[in-house]
Amino acid sequence: MFQDGKLYIGTSRKPDNAINKPEYLELKFGNRHGLVTGATGTGKTITLQILAESFSNAGVPVFCADVKGDLSGIGAMGEAKDFLLKRAEEIGLQPYDFHEFPVIFWDLYGEKGHRVRTTITEMGPLLLSRLMNATDAQEGVLNIAFKIADQGGLPLLDLKDLQALLNYMGENATELSNQFGFISKASVGSIQRELLILEQQGAEHFFGEPALKISDIMRTTNDGRGAISVLAADKLMMNPRLYGTFLLWLLSELFEELPEVGDPDKPRLVFFFDEAHLLFNDAPKVLIERVEQVVRLIRSKGVGVYFVTQNPLDVPETVLAQLGNRVQHALRAYTPREQKAVRTAADTFRPNPDFDCATVITQLGTGEALVSTLEGKGAPSMVERTLVRPPASRVGPLTDAERANVLKVSPVAGLYDEDFDRESAYEMLAARAKKLEAQQQAEQEAAQQQQNGGSRWTLPGFGDDEPTPSGTAKPKGRTGYQRETVVEAAMKSAARSMANSLGRAIVRGILGSLRR
């Protein structure tokens, strides 16, 4: 499966069905990205499984999504089934050994794997807008919300933090519009309704702490194999927008955190993006442009991105052009769109004079594919009709007991399984509301504060809490947030954070996520 810096994919056949030669993916070109396509039932999942096995054996960590639930078998030793032994014999794979592979299971809902979380701040306004399917006006309000949070020292960790900040913006829309641009109360209300929908769809499980550390999906074992991180996505697929946004966020985190390494001898991580069409469906042009930019630039950070989807037309041409290693399973060609997809797939390969790609694509059997990988100085190899090798791990899912045993001995066991809710925007704004409730004559004192504030940076209703020279406190307007358990010191801490944050800007990357 791995020899001389090459990963064995399968064995190609001649037109007379005789064995031609083994087909490999050169490890040094593993970060040049790839594409695995084909209709349902043609063997895409097995191809993903054997590629993950090969990269793991080569010491490369892998991240992939288990959409149907049967990829979890990669964590168990394979079984000698007739159709597997027959395929091994057909391609001359001797000896055909079975192995289990080091697996870490992840799950946004915490049911079939370790919890995966990120914070609202790290997600950023662009990806959050994508998740909410926000309009341009709503996206503008979200950008202002993040600006206020950045400048005001308000950590946005979970959905209730963002709800609290939006409520504050709605109550002070007129004053904030003078500083940051027009804030429509209608847009604020629409965003709040979308957040409620996200919460009902389970997105609240995704936002919070402890946030996922990229290093935990880039682990290797003591024997030098790369850990295979498998995301349980069968339930997540019920909310496809959350699925696509999560994987895009993870890709952007890799891009922002990893240093430049040029072209290493082997990738630092290989990322499989299954059901890739969910990323691009109804995506705005600006998002597609940024995805293209990330895919193009992340190669130099040693990360290979492999898109897995049914139809090559699911991936925009600008992104498709970045994918050097290709495995094309059978496609149907009944409708005009399907026929166009076949022609598109055929045109992306370096032609083989022995057969016509467009014809062969519709004739491929299960577990058979057209394969072209980069070779030599990075040029694509001539396309070959290939029988994909059988996997060494189990074909099919783990049982619940087997999955539980894997979770018990996981290297990240106990790190992400419990929620941690530290003081953040919700608590700070609630403490401010409680403080304001004890103040008198809010409008008169707020006007005096505005006159005496000079050039200091302030937010309406969130300014100084220190006594004036006359010895009286400066009260503010009241908001609707109240919380009985917060203490007065929290308000003072928030005010000091805002004062110290003057001139500070949180740096965000290409996709708007926080650069740590």
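Note that this is a predicted model, so its numbers are computed, not measured. Positions are given from 1, in the same order as the sequence printed here.
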List the atom of Glu139, the atom of Ser129, and the distance in Å for their closest heavy-atom pair. CG-OG, 3.3 Å
Derivation and outcome, salt bridge (Lys or Arg N to Asp or Glu O under 4.0 Å), residues Lys68 and Asp274: CA-CA 10 Å; Lys68 297 191 292 274; Asp274 201 2; 5.7 Å; no
In terms of heavy-atom contacts, does CD of Glu317 have more than 12 from other residues, nucleotides or ligands at under 6.0 Å? no
Arg241 versus Arg130: any side-chain heavy-atom pair under 4.5 Å? yes
Going from CE on Met428 to OH on Tyr168, what distance comes out if it is rounded to the nearest 0.5 angstrom? 13.5 Å
Can you name the closest pair of heavy atoms from Ala425 and Asp161 and give their distance? N-OD1, 3.4 Å
Distance from Glu209 atom CD to Ser424 atom OG, nearest 0.5 Å? 8.0 Å
Heavy-atom donor-acceptor pair, Lys266 side chain to Leu27 backbone, under 3.5 Å: no
Hey, does Leu511 have a side-chain heavy atom less than 4.5 Å from the side chain of Trp249? no
Check whether any side-chain heavy atom of Asn31 sits under 4.5 Å from a side-chain heavy atom of Ile298, and report yes or no. no
Would you check, one step at a time, whether the test side chain to side chain contact (heavy atoms under 4.5 Å, CB included) holds for Ile288 with Val291? CA-CA 5 Å; Ile288 294 179; Val291 171; 5.6 Å; no
Side-chain contact test, heavy atoms from C-beta onward, threshold under 4.5 Å: evaluate it for Asp419 versus Arg115 and give yes or no. yes
Under a 4.5 Å cut-off applied to non-hydrogen side-chain atoms, are Ile183 and Asn172 in contact? no
Is it true that Thr373 and Asn325 share a donor-acceptor pair across their side chains at a distance under 3.5 Å? no
Might you point out which heavy atoms bring Ser56 and Gly226 nearest each other, and give the distance in Å? OG-O, 2.6 Å
Would you say the side-chain atoms of Arg326 and Thr348 include a donor-acceptor pair closer than 3.5 Å? yes
Please list, chain by chain and in numerical order, all residues satisfying ring pair (Phe, Tyr, Trp, His ring centres under 6.0 Å) with Tyr109, sequence neighbours excluded. His205
Heavy-atom donor-acceptor pair, Thr121 side chain to Pro155 backbone, under 3.5 Å: no
Distance from Leu258 atom CG to Glu253 atom CD, nearest 0.5 Å? 10.0 Å
A cation-pi test, strictly: NZ or CZ of Lys112 under 6.0 Å from the centre of the six-membered ring of Phe105 and no more than 45 degrees from its axis. Yes or no? no
Looking at CG of Leu231 and NE2 of His114, how far apart are the two atoms once the value is rounded to the nearest 0.5 Å? 12.5 Å
Rounding to 0.5 Å, atoms CG (Leu154) and CD (Glu423) come to a distance of 10.0 Å
So, do Phe273 and Val308 sit near enough that their side-chain heavy atoms are less than 4.5 Å apart? no
Under the side chain to side chain contact (heavy atoms under 4.5 Å, CB included) rule, what do Leu254 and Leu269 come out as? Steps first, then yes or no, please. CA-CA 9 Å; Leu254 291 167; Leu269 175 75; 3.5 Å; yes
For the CD atom on Glu111, are there more than 12 heavy atoms of other groups (residues, nucleotides or ligands in this structure) within a distance under 6.0 Å? yes
Arg219: what forms a side chain to side chain donor-acceptor pair (under 3.5 Å) with it, not counting sequence neighbours? Asp216
Any idea which heavy atoms bring Ser72 and Leu398 closest together, and the distance? OG-N, 3.0 Å
Charged N to carboxylate O below 4.0 Å: is that the case for Asp107 and Lys235? no
Check whether any side-chain heavy atom of Ile104 sits under 4.5 Å from a side-chain heavy atom of Pro411, and report yes or no. yes
Option from Ile191, Ile197, Thr245 for which side chain to side chain contact (heavy atoms under 4.5 Å, CB included) with Met132 holds: Ile191
Would you sort out whether Val327 and Leu35 count as a side chain to side chain contact (heavy atoms under 4.5 Å, CB included), showing the intermediate values? CA-CA 6 Å; Val327 179; Leu35 178 69; over 6 Å; no
If you count the non-hydrogen atoms of other residues, nucleotides and ligands that lie under 6.0 Å from CG in Asp265, is the total more than 12? no
Between Gln310 and Asp314, do the side chains contain a donor N or O and an acceptor N or O under 3.5 Å apart? no
Anything under 30° is parallel, anything over 60° is perpendicular, the rest tilted; go ahead and classify Phe206 against Phe246. perpendicular
So Thr344 and Lys340, do their side chains get closer than 4.5 Å, heavy atoms only? yes
Walk me through whether Leu142 and Gln138 qualify under side chain to side chain contact (heavy atoms under 4.5 Å, CB included). CA-CA 6 Å; Leu142 279 173; Gln138 293 167 358; 5.7 Å; no
Quick one about Thr37 and Lys44 (side-chain donor to acceptor, distance below 3.5 Å, no hydrogens or angles considered), yes or no? no
Specify the closest pair of heavy atoms between Val295 and His33, including all atoms of both residues, with the distance to one decimal. O-NE2, 2.7 Å
According to ring pair (Phe, Tyr, Trp, His ring centres under 6.0 Å), who are the partners of Tyr416, at least two apart in sequence or on a separate chain? Trp106
